[in-house]
Amino acid sequence: MKFSLREKIALFLAQIALRMLGEESSSAAGLLASKLAPSLFASLLDAYDDGPIIVTGTNGKSTTSGLLAHILESNGSSLAHNKLGANLLSGLLTTLIRSQGKATSTLLEVDEATLRQVTRARAASIILVTNFFRDQLDRFGEINNTVDLVQAGIEAGLSGTLILNIDDPYVARLKAPKLFTYSLEPRLDQANQSLDAVSELGYCALCGSELVYARRWLGQLGDYKCPACSFTKAEPDLLGRFDGSQLELVFGGKSFSLPLALPGLFNAYNQLAACAGALALGLSLESLKAVQTYKPLFGRSELVRYLGRELRLCLIKNPIGASETLKMVSNDPRARFLVIVNDNYADGRDVSWLWDADFEQTSQLAGSVLAAGSRGADLAIRLDYAGHKNIQLFRDYKQALRALVEESDPSENLYVLPTYTALLALRKSWEF
């Protein structure tokens, strides 16, 4: 690949920045390079034989792309992958700079609003879409706008397959010449069908009518059809049956069972999506066994140690994802937890989503709940309205983290639920 003089200078300076900033720097080098040579991103993508494999959608991008990367690398692939989750253009460029000459393919987790910038630079070989939930309303607005952003990204450049989670009627709206679809069938006791459960309204892609559901199990995800026209959920190419610990895959007339790599219904979706990506790329069912050795990415249900105690870190960022994480916590009678909510740009300035998240389901847990972050006071008010009787509010998340460990009983299981920039601050400030 030949680079222009400007691109060579930008690449050289960015590589120096990477050496100075270390492995934990996810965006700074790319931001510098993009200012010096805006064309460098496209030039680096063009150095690969195939277009990038892209994972996008509201929830599960990092875990899905992490699982897919692990499957592909376990089966011989060498990938440039933004495993730290920096999915805006600066983070993607940093990944390509760091991986230059070290990888043969690219697997990129991409922010929905950034997708069109990426596919304009180089047509994707695969785009995998996980789901669409209300998220960062100050950036994206309502769900229809996010769907339109992703469709525009698909139309800007996709040379291969579009992989869709058709349990989500918003995802099922997306169009491309070549589709691969997947669907999850959770056992009844794993599906949240309560009338009080956090959900989104699903609307028909053809006539706009509100959809009706035979079963609904996560937000607007479920078995749906339009009462006014022919729109209904199609039969998937890949079906996953989930019983709480095992994921049975049904594909091409064959059945294959895998243990769940990470806990929870939302992680069953992430694992199924990664398997769909691998199968669409031509891998065999047998090759999917690699998920059994997967280690979670930082903050995505990851187990870490601090002050001699084990903690589970679970990123939260919107009502549906937070509610599913809180459901996991509420199912642990020995749980004690800390929630850290910031409102920086990467978190989303609008924290009204706290009132849609189901904090009520954890109100019966014994012990106190700890609140911190730049919007910790708002969080504490939300917890109070949810029925929590013992709320500790901290200005400093470091003090909150120490209190979680030091004031807990050794038999309690500790959870930390941070928003995105709080998660990054934890990683930079503490040795786990």
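To the nearest 0.5 Å, atoms CD (E324) and CG (L265) are separated by 5.5 Å. Rounded to the nearest 0.5 Å, atoms CG (L11) and CG (L36) are 11.0 Å apart. Separating the CG atom in L79 from the OG1 atom in T106 is a distance of 8.0 Å, to the nearest 0.5 Å. Distance check, rounded to the nearest 0.5 Å: CD1 of I163 to CG of L174 gives 12.5 Å. Interatomic distance, S257 OG to L288 CG, rounded to the nearest 0.5 Å: 12.0 Å. Here the straight-line distance linking atom OG1 of T146 with atom CD of Q151 works out to 13.5 Å at 0.5 Å rounding.
A side-chain donor-acceptor contact under 3.5 Å links K61 to the backbone of G57. Judged by distance alone, the side chain of D237 and the main-chain N or O of T181 form a donor-acceptor pair under 3.5 Å. Formation of a donor-acceptor pair under 3.5 Å by the R116 side chain with backbone atoms of L149 is not found in this model. Remark: the backbone N or O of G387 is not paired with any side-chain donor or acceptor of S363 at under 3.5 angstrom. Of the possible donor and acceptor atoms, one in the side chain of D168 sits under 3.5 Å from a partner among the backbone N and O of Y170. Looking only at distances, a side-chain donor or acceptor of S159 sits under 3.5 Å from a matching main-chain atom of A124. Remark: side-chain polar atoms of T114 are not paired, donor with acceptor, to backbone N or O of V110 under 3.5 angstrom. Panel note: side chain D243, backbone Q246; a donor-acceptor pair is recorded below 3.5 Å. In this structure, the side chain of N342 does not engage the main chain of D347 through any donor-acceptor pair within 3.5 Å. Not a single donor-acceptor pair under 3.5 Å links the side chain of D111 to the backbone N or O of N87.
Annotation for L115 and V150: closest pair CD2-O, 3.6 Å, computed over non-hydrogen atoms. Across all non-hydrogen atoms, the minimal contact from A17 to L32 is CB-CD2, 4.3 Å. Here the closest non-hydrogen pair linking G222 and K233 is O-NZ, 3.3 Å. Closest approach of G321 to N59, counting heavy atoms only: CA-ND2, 3.4 Å. When all heavy atoms of L379 and A371 are compared, the closest pair comes out as CD2-CB, 3.7 Å. Closest non-hydrogen pair, D384 versus I391, comes out as N-CD1, 3.4 Å.
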For E302 and R312, run side chain to side chain contact (heavy atoms under 4.5 Å, CB included): C-alpha distance rounded to whole Å, both residues' side-chain angles, the deciding distance at 0.1 Å, then the answer. CA-CA 6 Å; E302 180 190 26; R312 187 175 289 278; over 6 Å; no

Given the rule in the side-chain hydrogen bond (donor to acceptor under 3.5 Å, both in side chains) test, do H70 and T293 qualify, once you have shown the distances and angles that lead to the verdict? CA-CA 8 Å; H70 184 71; T293 58; 2.8 Å; yes

Run I143 and V147 through side chain to side chain contact (heavy atoms under 4.5 Å, CB included) and show every step you take. CA-CA 6 Å; I143 295 175; V147 177; 4.0 Å; yes

Start with the C-alpha gap between D148 and N145, add the side-chain angles, then the distance that decides, and say whether side-chain hydrogen bond (donor to acceptor under 3.5 Å, both in side chains) holds. CA-CA 5 Å; D148 291 343; N145 187 53; over 6 Å; no

Let's go through Q15 and I97 carefully: what are the C-alpha distance in whole Å and the side-chain angles of both, what is the deciding distance for side chain to side chain contact (heavy atoms under 4.5 Å, CB included) to 0.1 Å, and is it a yes or a no? CA-CA 7 Å; Q15 288 168 340; I97 293 167; 3.9 Å; yes

I'd like to know whether Y203 forms a side chain to side chain contact (heavy atoms under 4.5 Å, CB included) with L211, so could you lay out the CA-CA distance, the side-chain angles of the two residues, the decisive distance to 0.1 Å, and finally the verdict. CA-CA 5 Å; Y203 292 96; L211 299 172; 5.5 Å; no

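Under the 3.5 Å distance criterion, with hydrogens and angles disregarded, no donor-acceptor pair is assigned to the side chains of D358 and S323. A donor-acceptor contact closer than 3.5 angstrom is absent between the side chains of E112 and T56. A side-chain donor-acceptor contact under 3.5 Å links T421 and N344. Judged purely by distance below 3.5 Å, without hydrogens or angles, the side chains of S78 and E73 never pair a donor atom with an acceptor atom. Side-chain N/O atoms of S408 and R309 include a donor and acceptor closer than 3.5 Å. Between the side chains of N165 and T130, not a single donor N or O lies within less than 3.5 Å of an accepting N or O. Residues D167 and S183 bring a donor and an acceptor atom of their side chains to less than 3.5 Å of each other. Residues R173 and N144 bring a donor and an acceptor atom of their side chains to less than 3.5 Å of each other.
Annotation: side chain of L108 is not in contact with side chain of V55 (no heavy-atom distance under 4.5 Å). At a threshold of 4.5 Å between non-hydrogen side-chain atoms, the residues L326 and F359 count as touching. By the 4.5 Å heavy-atom criterion applied to side chains, R122 and F41 are not counted as neighbours. For the pair V369/N390, no side-chain contact is recorded, criterion being any heavy-atom separation below 4.5 Å from C-beta on. Under the 4.5 Å side-chain criterion, counting only non-hydrogen atoms from C-beta, W353 is not in contact with F133. Taking the side chain as every heavy atom from C-beta outward, F266 and T325 approach each other to under 4.5 Å. With a 4.5 Å cut-off on side-chain heavy atoms, Y397 and Q399 do not count as touching. Using a 4.5 Å heavy-atom cutoff, the side chains of L404 and L311 are in contact.
Shown here are the side-chain hydrogen bond (donor to acceptor under 3.5 Å, both in side chains) partners of K83, two or more places apart in sequence or in another chain: there are none. With sequence neighbours excluded, the residues satisfying salt bridge (charged side-chain N to carboxylate O under 4.0 Å, His left out) with R375 are D343, D378. When the ring-ring contact (aromatic ring centres under 6.0 Å, His included) test is applied to F12, no partner is found at least two apart in sequence or on another chain.
Ionic pairing of R334 and E412 is not present here: no N-O contact between side-chain nitrogen and carboxylate oxygen is shorter than 4.0 angstrom. Between E360 and R382, at least one side-chain nitrogen of the basic residue sits less than 4.0 Å from a carboxylate oxygen of the acidic one, meeting the salt-bridge criterion.
A cation-pi geometry, defined here as NZ or CZ lying under 6.0 Å from the six-membered ring centre and within 45° of its normal, holds between R216 and Y213.
Enclosure of atom CZ in R395 is not indicated, since only 12 or fewer non-hydrogen atoms of other residues, nucleotides or ligands lie within 6.0 angstrom.
Aromatic ring orientation, F251 versus F180: tilted (interplanar angle from 30° to 60°).
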